[in-house]
Amino acid sequence: MQTTELVRFKKLGKQITVLTAWDAISSSIVEASGADVVLVGDSLGMVVLGHATTLPVTLDQMLHHTKAVCRGFSKPLSKQPLVVCDLPFLSYQCGEEKAVEAAGTLLKNSCASAVKLEGAEPETLLVIKRLVRMGIPVMGHLGLTPQSVHQLGYKSQARDKESQDKILEDSKMLEASGCFAIVLEHIPGEIASRLRKHLTIPVIGIGAGTDCDGQVRVTADILGLSIEQPPFAKPLLAGRELCIDALKKWIQLTNLIQENPTTKTSESKSDC
Ligand code: KIV
């Protein structure tokens, strides 16, 4: 899957599905689900590494997890989902040279074909233009941008006219700078819908209503594995409860076998 395919999907009116992955197990499951894109999001800092924000995530950690994601795929390359990797905080805010080096390192050493970065500040637009000129596809990210949590919080964005006008303007700038798609996080559905119509590149929503060209979700949220579930991502599975129940069962069986070694259970029979 290539980035240009996503623009074709938009033209055809085919919904684009994006799921996050953070290791080989999660990417093998996401690949088998048939998602179009795997995002190695820096949300892994919170979901997997237990941080309170995405800010502590390093480029080395992103590369380490992206490599594991790539090792989890089993389909031939041409059938694998497109892999997009987040540029972590401070890997692209300190100038174009540093950003090219960070994005290039991810693409050079993993199967990622594109990077995602947040915001549309003038410096960020210059970085995007430079990356695109260097052959590195870029996905934009507007609305709730978690790397700006200390300014914006984790609340819904673009609630007033001024910030709605700004997000419309920013999205056009991202498109003009060469982004191949834009993630819109936690904004009113009407604004996402307007953006979708204004832009030729796909808008991928999360907490941005249903009238988008595609949707992205943190896989752990859908599976009900996240400790804190965002309001806009309802789990489709009680993953934590199912896992805890299964592990409790195993502990009970193990204790039972130790107390009474002659006990025959389906697990002990198959054990060697
Ligand atoms: O880091 C991430 O997982 C993301 C998605 C929430 C879009 O950026």
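Residues take their numbers from the sequence shown, with the count starting at 1. Start at 1 and go down the list; that is how both ligands and their atoms are numbered.
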Completion exercise
If we number the atoms of ligand 1 from 1 as shown, the ones under 4.0 Å from a heavy atom of Asp42 are 1 (O)

Exercise for the section: Name the closest protein heavy atom to atom 3 (O) of ligand 1, giving the residue it belongs to and the distance to 0.1 Å. Expected result: Ser43 OG, 2.6 Å

Completion exercise
Under 4.0 Å between heavy atoms, the region of Leu39 that gets near ligand 1 turns out to be side chain

Practice task
Check each heavy atom of Asp86 against ligand 1 and say whether those closer than 4.0 Å belong to the side chain, the backbone, both or neither.
Solution key: side chain

Problem - Atoms of ligand 1, numbered as shown, that sit under 4.0 Å from any heavy atom of Thr20 - result: 3 (O)

Handout entry: Expected output: side-chain His141 to main-chain Val183 donor-acceptor under 3.5 Å
Key = no

Exercise for the section: Determine, using heavy atoms of Lys116 and all atoms of ligand 1, whether some pair is separated by less than 4.0 Å. Expected result: yes

Exercise for the section: Kindly say whether Val203 contributes a backbone atom to a donor-acceptor pair with the side chain of Asp213 at under 3.5 angstrom? Expected result: yes

Problem - Separation of Leu49 CG from Gln61 CD (nearest 0.5 Å) - result: 5.5 Å

Practice task
State the atoms of ligand 1, each with its element, that fall below the 4.0 Å cut-off from a heavy-atom position in Gly41.
Solution key: 1 (O), 2 (C), 3 (O)

Practice task
May I ask you to decide if Thr219's main-chain N or O and Thr20's side chain share a donor-acceptor pair within less than 3.5 Å?
Solution key: yes

Handout entry: Salt bridge Glu101-Lys98, side-chain N to carboxylate O under 4.0 Å
Key = no

Handout entry: Modelled atom types, side-chain donor and acceptor of Gln157 and Ser163, under 3.5 Å
Key = no

Practice task
Please verify whether a non-hydrogen atom of His141 lies at under 4.0 Å from ligand 1.
Solution key: yes

